[in-house]
Amino acid sequence: MRTKLIRMGKSRGICIPEPFIKKCRFGNSVELNVENGCIVISAERRARQGWDKVFRIAGSSINDEFLLNKIGSNKFDYKEWRW
């Protein structure tokens, strides 16, 4: 689709047709990026969006305590760290 750039002060903008907005599930604001000389407009990401999926992929934390024991102590543990 071809559209015209509209003057908005010292900037320019475009009107995005409603069907595009609905199909892309845009809210009141969007993310803008430049990739390979193109402007990419995408739905705004929420903070920590997708973290739940990554945590599920990472698996259970049951054995994490054993991993900490393998690291061992260092100079910081003996000289700089104080309880």
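We're numbering straight along the sequence, starting at 1.
The two residues L5 and R12 have their closest heavy-atom pair at CD1-NH1, 3.6 Å.
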Expected list for residues 23-41: side-chain donor-acceptor pairs under 3.5 angstrom, two or more places apart:
from: S29; atom 1: OG; to: E44; atom 2: OE1; distance (Å): 2.7
from: S29; atom 1: OG; to: E44; atom 2: OE2; distance (Å): 3.2

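As a member of the Ile/Leu/Val/Met/Phe/Trp/Tyr network built from side-chain separations under 4.5 Å, I57 groups with nothing else and remains a singleton. If you chain together ILVMFWY residues whose side-chain heavy atoms come under 4.5 Å of each other, I6 ends up in a group of its own.
In this structure M8 satisfies the side-chain contact (heavy atoms from CB on, under 4.5 Å) test with no other residue, sequence neighbours excluded. For R45, the side-chain contact (heavy atoms from CB on, under 4.5 Å) partners at least two apart in sequence or on another chain are Q49.
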